[in-house]
Amino acid sequence: MYQIPDAQFGVKRRRIGGLQMKTAALFGLTGQGIETAGEILSNIMRSQGYTHRAWRDFSTIIRGGHTAFEIYISEKGEEAPPPRIETIDIAVVWDDEGAKRYLPRMADSAMLFGSMNTTMVPEENRGETPKLGFNVWSLGVIAGYLGIPFPLLEDSINQHFAGELNQNLAHRGYILGQFKNKGNTVTNKLSDLVTISGNDALSLGAIAGDVRHYFGYPITPASEILENLTKWLPPLGGKTVQVEDEMAAIYAAAGASYAGERTFVASSGPGIALMTEALSYLGATEIPLVIIDNQRGGPSTGMPTKTEQSDLQHLRYAGHGEFARIILTPTDVLDCIAVIQEALNLADYYQCPVILALDLDLAVRRVSLPWVAVEQAIRSVTVDRGPTLLESLPIEDYARFHSVDGAPPVRTVPGIKGGGYVASGDEHDEKGFMEPDFKVVRETHHLRRLHKADQIEYQRPLSIIGNMDAPVAIIGTGSMSELIENLVKRQPEQYKGVLLRQLHPVPVESIVNALSEAKTVIVAEYNATGQIRSMIESALVDRQIHSLLRYNGEHYTLEEFQDSVTSILSAQKELTRG
């Protein structure tokens with residue numbers, strides 16, 4: 001495995017193929033092209049066969065503010081991308097705001113570079129660069145330090161920024177970075193890698209799950225899904241429609257699903273709030289639909305570009321009245337590919353809303369992975385339409401909402417002779433007729449509809465990482481998962497990880513079994529009120545339970561996460577002694 005350069009873990013760096021594991025950061029103003037420079041660097045490392053993980057931090061206001069890009073590059077030969085870590089090997093900043101941010105994290109303060117606007121950067125590390133050329137110059141500095149061949153850098157820049165000025169800026173930065181290069185070289189490993197985000201993975205999984213039509217409205221951080229499918233669906237005979245708002249998106253998707261099309265909608269907290277009326281309609285009509293919530297900091301507009309896991313209770317109870325729903329949470333980028341396909345199958349089988357709860361960091365996180373791993377994830381789930389009649393012989397006396405022995409009712413789509421029905425949001429009987437005998441249908445049809453997903457047949461409610469006998473279990477999901485997994489791998493005698501995929505209905509038996517030998521349980525989540533802990537409380541009895549909470553919008557580094565876990569255990573030990 002890759003090694004983490006941190007004294008806390010007692011790990012030393014290794015050198016393979018001329019490049020150790022490296023971390024680099026760019027920091028500048030929004031509009032300076034910081035993310036574009038980061039994308040170029042990411043593409044270069046991918047093309048040379050180095051797995052990596054990128055972290056992006058951008059302003060919550062449309063104009064102004066700062067943007068940061070961090071990249072964590074694995075050593076040559078490693079297949080798993082590194083987590084976000086504290087130590088930065090090289091950083092290039094536009095101003096002293098960036099210097100203040102990165103100086104405490106530098107492995108060596110002499111590796112902080114900047115423009116002439118900075119006063120906190122060593123004078124010999126400053127460069128004359130225009131405001132709109134800073135990103136290209138910075139890219140040159142980092143490339144020189146990493147040992148990326150300059151012709152490769154030059155070709156990559158030419159694909160985005162033409163002109164001699166940009167080449168000169170890149171070359172000047174490259175020479176400056178080379179002065180600090182201590183034998184680093186980037187060589188082509190000829191490995192077939194692909195760089196994808198969580199949103200990319202969701203889009204790929206949806207296509208593999210037979211989605212060919214998508215209705216969406218732009219909102220951070222879900223807009224990338226609309227952008228992806230706008231490019232990827234037409235060659236497959238599909239299409240996307242950008243509608244006027246989130247309400248139009250979910251009702252259009254409901255109509256498509258009623259007609260037999262597989263589709264889904266994606267938004268974040270404010271958009272999901274607007275969709276809640278339609279959630280109740282889906283519950284009443286038993287029309288299957290997958291809803292993705294890429295959670296960001298709230299309430300209200302909140303922190304549009306910062307990560308959080310604070311919509312979970314809303315997702316559990318959103319909508320008026322009582323109806324069944326399923327809530328799933330992917331644990332990493334690859335998992336997004338499989339989970340959305342599983343969600344589409346579950347929605348078709350149980351005929352209810354299936355909600356995928358991501359967080360912003362997982363949604364926009366970009367990792368490079370072997371293409372074979374991505375392909376395996378795409379092929380890991382078989383399309384299953386459940387009790388849905390897409391084509392059939394004519395049927396008689398059809399009752400859309402009639403269940404036999406508790407099994408899901410048979411669902412038809414328009415065009416099946418004898419299979420027509422009214423999908424009314426009004427209470428109805430088993431044939432869909434409104435104004436039924438409410439005393440009867442509320443005791444029969446309504447209760448069947450309400451409790452149909454109390455127990456679901458889902459094969460992957462959670463993953464257990466590490467030794468079952470470890471005394472401390474750390475529970476989490478989404479972007480917390482990589483932190484839990486990496487911590488467990490380094491201290492398997494102390495910790496095991498329980499990565500949740502099924503939040504509702506709560507897989508009590510699976511969680512209890514996973515925690516069987518644990519004396520202490522830490523539930524790690526990005527919110528202020530412990531929403532995951534409260535949702536799974538019934539599975540946490542008879543154990544010492546602690547919450548590890550962060551709600552400042554920034555994804556933990558591995559060292560910060562380690563320190564937080566250690567602090568909880570130390571406080572518990574002191575309390576026990578007292």
Side-chain angles (χ1 to χ4, degrees), residues 5 13 15 17-28 32-48 50 52 54 67-76 87-95 98-99 101-103 105-118 120-161 164-188:
R13 294 177 183 251
R15 181 178 293 278
L19 186 67
Q20 299 171 314
M21 177 183 171
K22 292 295 181 185
T23 57
L26 293 86
F27 183 94
Q32 279 187 305
I34 299 299
E35 288 203 43
T36 301
E39 181 184 347
I40 294 171
L41 179 59
S42 173
N43 287 337
I44 290 174
M45 300 312 298
R46 176 196 54 77
S47 72
Q48 301 304 294
Y50 291 85
H52 59 273
T67 296
F69 176 91
E70 298 174 10
I71 188 168
Y72 308 86
I73 304 167
S74 68
E75 299 175 27
K76 194 172 181 180
T87 304
I88 299 293
D89 292 308
I90 182 171
V92 189
V93 301
W94 170 253
D95 53 24
R101 178 168 182 162
Y102 282 103
L103 265 174
R105 296 178 59 189
M106 300 301 299
D108 179 356
S109 60
M111 294 306 301
L112 180 66
F113 293 79
S115 71
M116 298 304 291
N117 296 318
T118 59
M120 301 174 67
V121 171
E123 190 171 352
E124 65 274 16
N125 289 358
R126 301 179 206 167
E128 289 280 359
T129 168
K131 183 176 180 180
L132 294 183
F134 171 73
N135 60 337
V136 177
W137 176 81
S138 301
L139 189 56
V141 173
I142 294 173
Y145 168 72
L146 293 177
I148 295 171
F150 186 75
L152 178 60
L153 174 67
E154 190 174 35
D155 289 344
S156 299
I157 289 175
N158 277 334
Q159 294 176 27
H160 290 79
F161 308 109
E164 186 176 348
L165 175 61
N166 286 310
Q167 294 302 325
N168 289 340
L169 283 168
H171 188 260
R172 280 165 43 197
Y174 191 86
I175 296 300
L176 187 58
Q178 271 190 319
F179 285 130
K180 300 296 178 74
N181 186 320
K182 299 179 180 179
N184 298 320
T185 57
V186 170
T187 55
N188 197 326

Ignoring hydrogens, what is the shortest heavy-atom contact between Thr129 and Ser115? Give both atom names and the distance.
CG2-CB, 3.8 Å
Is the side chain of Ser42 donor-acceptor paired with the backbone N or O of Gly38 at a distance under 3.5 Å, no angle test?
no
Do the side chains of Val93 and Val121 get nearer than 4.5 Å, heavy atoms only?
yes
Donor-acceptor pair, side chain of Lys180 and main chain of Val141, under 3.5 angstrom
no
Rounded at 0.5 Å granularity, tell me how far CD1 in Ile73 sits from CE in Met21.
9.0 Å
Could you measure the distance from the CG atom of Leu41 to the OG1 atom of Thr36? Nearest 0.5 Å is fine.
12.5 Å
So does His171 get a backbone contact from the side chain of Asn168, meaning a donor-acceptor N/O pair under 3.5 Å?
no
Test your reading of the model: is there a side-chain donor-acceptor pair from Thr23 to the backbone of Thr87, 3.5 Å cut-off?
yes
Between Met111 and Asp89, what is the shortest heavy-atom contact and its length?
CB-O, 3.0 Å
Is the shortest heavy-atom distance from the side chain of Gln32 to the side chain of Thr67 under 4.5 Å?
no
Could you give the distance from CD1 (Ile90) to CG (Leu146), rounded to the nearest 0.5 Å?
6.5 Å
In terms of heavy-atom contacts, Ile142 and Ala25 come closest through CD1-O, 4.0 Å
Using a 3.5 Å distance criterion without hydrogens, assess whether the side chain of Asn117 forms a donor-acceptor pair with backbone atoms of Asp95.
no
Separation between CZ of Phe161 and CG of Leu169, rounded to the nearest 0.5 Å
11.0 Å
Please report the closest heavy-atom contact between Asn184 and Asn181, naming both atoms and the distance.
N-OD1, 2.7 Å
Taking atom CG of Asn43 and atom NE2 of His160, what is their separation to the nearest 0.5 Å?
6.5 Å
Heavy-atom donor-acceptor pair, Glu35 side chain to Phe69 backbone, under 3.5 Å:
no
Closest contact, heavy atoms only, Phe27 versus Phe134:
O-CE2, 3.4 Å
Value for OG1 (Thr185) from CD (Gln48), rounded to nearest 0.5 Å, stands at 11.0 Å
Counting only heavy atoms not in Glu123, do more than 12 sit closer than 6.0 Å to its CD atom?
no
What verdict does the side chain to side chain contact (heavy atoms under 4.5 Å, CB included) test give for Glu128 and Trp137, after you've listed the backbone C-alpha separation in whole Å, the side-chain angles of each residue and the deciding distance to 0.1 Å?
CA-CA 9 Å; Glu128 289 280 359; Trp137 176 81; over 6 Å; no
Gln167 and Asn158 side chains, donor-acceptor separation under 3.5 Å:
yes
Partners meeting ring-ring contact (aromatic ring centres under 6.0 Å, His included) with Phe113 (sequence neighbours left out)
none
Any chance the side chains of Tyr102 and Glu70 put a donor and an acceptor closer than 3.5 Å?
yes
Of the non-hydrogen atoms in Met45 and Val186, which two are nearest, and what is the gap between them?
CE-CG2, 4.0 Å
